[in-house]
Amino acid sequence: MTTGYDDIPFFDEEPAPRKPPAAAGAPPFVGGIAARAMAARDSGRRPDYLAGLNPEQTEAVETLEGPVLVLAGAGTGKTRVLTTRIAHILSTNRAFPSQILAVTFTNKAAREMKERIALLVGGAVEGMPWLGTFHSIGVKLLRRHGELVGLSSSFTILDTDDVVRLIKQIIQAEGLDDKRWPAKQFAGMIDTWKNKGLLPADIPEGDARAFANGRGRELYAAYQNRLKTLNACDFGDLLLHPIAMFRQNPDILKDYHQRFRYILVDEYQDTNTAQYMWLRLLAQRPKGEPQNVCCVGDDDQSIYGWRGAEVDNILRFEKDFPGAKVIKLERNYRSTEHILGAAAHLIAHNEGRLGKTLFTDRSDPDDTKVQVHASWDSEEEARAIGEEIEALQRGDSSGKKHNLNDMAILVRASFQMREFEDRFVTLGLNYRVIGGPRFYERLEIRDAMAYFRLVCQPADDLAFERIINTPKRGLGDTAVRSLHDYARARDIPMLAAAAEMVETDEMKPKPRKALFDVVMSFRRWQGLLENTPHTELAETILDESGYTDMWKNDKSAEAPGRLENLKELIRSMDSFESMRGFLEHVALVMDAETNENLDAVSIMTLHSAKGLEFDTVFLPGWEEGLFPHQRSLDESGRAGLEEERRLAYVGITRAKRRCHIWFVSNRRIHGLWQSTMPSRFLDELPINHVTVAETEQSYGGYGRGGGYGASRFDKADPFANNYSTPGWKRAQQNRSDATRDNWGTRSGHAVERIGYGESGPKGRTIDGELVAKSTSTEPSKFAVGDRVFHIKFGNGNISGIEGNKLTIEFDRAGEKRVLDGFVERV
DNA sequence: GCGGCGTAGATGCCC
DNA sequence: TCTACGCCGC
């Protein structure tokens, strides 16, 4: 039994776990859990949290010593194992929460794990300081030890947009043509190198030569230097700097070795080389000491090879960690036999697997086979899926009505979404789109953040350049260029240069005055940083800088929404302790809240569907070229095909009860109609778990065999229908044009765009929800002055009505514009 | 400082 | 075919 781990010396700022006044030699307590666990043990009962685990899961939870690889198939209770394992470590007093390193890939996963652990151990564990994404843990390490790699603790995290702008500057500064050598492309190259853990000195000759006439390495080095002077990091650095820091400072690494008694990694199949190196460093232990590393993953769900993930990491685990125990979780708790059978048969076509086969022992009387459907073109596909959804909504064969929330359309590529959006808007069917640009990528949010960044981090030149003339202050290109030159010549940040320059007469009086005002403002705000509440400061900054006024004076349609977003930004700062903490959050976390009260079909890519599950899943677009995607095949050959197949596997295994696969004969690609072949994956589905849906449409007869030969799902007989005539197509076109002007016919039809910032293809964003523009002229069922209730904002009074959009003064949340469908009269 | 026009590019989007 | 972006002209 361990004792005394609370006196590890090196984290002064972090309160050591409280040590209860226990008798000498007694184990430390973690809240009341230990007591409960011991009581359970002493009474001969297993602790509650172990109840209900199957034997493999139990083994994965209880094998705490030594390296463990848990191969957890889709729907086999992976998260449960991870969280229970942590709960088990905690409640048996093997470690304090702060001694467990648990890494996830997404903030969402981290959040969910925290919540579930809290549930398991009765909420008695205050947080888990080292549970987070690779990147957020990287930030934490760098805030502590950044000076060892040349970063002060206030460093900024740049997002891809900042990075591209910075690289562009460097390319230009090097006298290169930034059109011939696009910054975006080079940013991508740097990202690839960093994923592999390569610093400028390490990159392969060929790579170095490939860009800017052989100056790739030089530019990469210049970029890294520039980051250092900016006191900034890109995402890759959040992994690479800690690696360098650990390598150069073995004593610090050793401290962390002592600290982290247990290491857990989720989604191990998605780790890239840099993450692997990072993990190896932290997982090292002196000979004879157990490496308590537990990696959880599924090689069959590795779908991020294109962004540097190395499936090899998981395939090689037993070699990397000698003596590793491999536990397979194959008992599936999610899907029906037919769905699992279809998925298993498909994925069996991949080579180089560790080999798992999912099974379920729950038989389901109305287990339906996976259904394959054919449509003539993508428009008909959207229509057919829409009908299927509405049918389920009305009630299935047994009369059961289904919620839209239990259905999802999972596409291979985001352009496929549009067709569904168009269709659902005309149907008035609620949907939500998940993915795409994020809240923090909105223009106004980025501007505001630039102000905050510069206040917290005066060396942040990128932020400075972003806002120096926003709002317009008459500090245009000329002024910025001379500031830039001045700063470069003296090797000081631009804000500092500005402060100096206003003391000289290098500038004309007008810009000089403007610049002087800016400099003084920033001085003032910096002075307020320490002892003003940060939300108040944020508001002050946006008001005094004239930024709020800029949007207030803006007459464009987006302006009110942007002001609303700024308010939302400030509101969301409330839950953070400081402005710095908030900045970090926004840099790392980009989640948008979903409105769970809205019943809506989810539309998302297969990639973003990983980890989710739905009763009914629609998988459209199973055609050669789209799925598997041609580019994947071209770029990565067989490996690419296998990754595509894993993607198909992920798609099918998202379904709990019903899985509908669709393919079309004609799809518009880059604007051109092309006739398409059914995906080879269709032929890889087992006939005994799949049915070919009889076509409901007038379109007659795919699957008649013959013709093109190879596939069971052969192309439709082009003469069996009249949809291919130019006239028909024109009619279709007219129809969709007409609907485009009049979509949102059903008042209150709600569309939620999660993660989408700027207005989507249509409509506008009101309070984060993209709302179909309604041309409805029917009188509102509400009247000005009505007292209403909104699930998120509470009670309020209607102060204005415009179609189906209400302006409401909420008692607590202030003025909001919401759709009438979201409120009810009280 | 904007709007109009021409051009390139058009998987995936985590942190 | 659609779009996003950069450049140019006012």
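Computed from a prediction, not measured in an experiment: that's the story for all the values here. Keep in mind that the numbers below use all heavy atoms, side chains included, and drop hydrogens, waters and symmetry copies.
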Whether A:Trp306 and A:Tyr304 hold their rings parallel, tilted or perpendicular, with breakpoints at 30° and 60°: tilted
Partner residues of A:Arg580 under the salt bridge (Lys or Arg N to Asp or Glu O under 4.0 Å) criterion, sequence neighbours left out: none
Touch class at under 4.0 angstrom, heavy-atom based, for A:Gln416 against every strand present: nothing
Non-neighbouring partners of A:His629 that pass side chain to side chain donor-acceptor pair (under 3.5 Å), sequence neighbours left out: none
A:Tyr304 ring over B:dG12 six-membered base ring, under 5.5 Å and 30°: no
Gap in Å between the two P atoms, one belonging to B:dG12 and one to C:dC5, rounded: 15 Å
Residue pairs involving residues 637-655 of chain A (criterion salt bridge (Lys or Arg N to Asp or Glu O under 4.0 Å); sequence neighbours excluded): A:Glu351-A:Arg638, A:Arg412-A:Glu644, A:Arg638-A:Glu642, A:Glu643-A:Arg646, A:Arg645-A:Glu684
Residue list, salt bridge (Lys or Arg N to Asp or Glu O under 4.0 Å) with A:Asp161, at least two apart or on another chain: A:Arg446
Atom-pair distance (CZ on A:Phe415; C1' on B:dG12), nearest Å: 12 Å
Nearest listed nucleotide, side chain of A:Lys472, among B:dG12, B:dG1, B:dC15: B:dG1
Whole angstrom value for the distance that separates P of B:dC15 from CG of A:Leu238: 12 Å
SB check A:Arg383 A:Asp377 (cutoff 4.0 Å): no
Centroid under 5.5 Å and tilt under 30°, A:His629 to B:dT11: yes
Which residues share a side chain to side chain contact (heavy atoms under 4.5 Å, CB included) with A:Val139, sequence neighbours left out: A:Arg143, A:Phe155, A:Ile157, A:Leu238, A:Glu584, A:Leu588
A:Ser414 side chain, from C-beta outward: closest of B:dC15, B:dG12, B:dT11: B:dG12
Nearest-angstrom distance from the residue atom CZ of A:Phe105 to P of B:dC15: 11 Å
Atom pair distance, as rounded to whole Å: CH2 in A:Trp622 and P in B:dT11: 20 Å
Closest to side chain of A:Asn107, choosing from B:dT11, C:dT3, B:dC15: B:dC15
Pairs under 3.5 Å (N/O, protein and nucleotides 4-10 of chain C):
none

Donor-acceptor under 3.5 Å (A:Asp549 side chain, A:Lys552 main chain): no
A:Ser632 side-chain proximity, nearest of B:dC15, B:dT11, B:dG12: B:dT11
Selection from B:dT11, B:dG12, B:dC15 that lies nearest to any side-chain heavy atom of A:Trp306: B:dG12
Interatomic distance, A:Asp191 CG vs B:dC15 P [rounded to whole Å]: 14 Å
Touch class at under 4.0 angstrom, heavy-atom based, for A:Gln275 against every strand present: nothing
Listed nucleotide nearest any side-chain atom of A:Ala413, set C:dC2, B:dT11, B:dC15: B:dT11
Distance in angstrom units between A:Arg418 CZ and C:dT3 P, rounded: 5 Å
Side-chain N,O (A:Arg646) to OP1/OP2 (B:dG12) below 4.0 Å: no
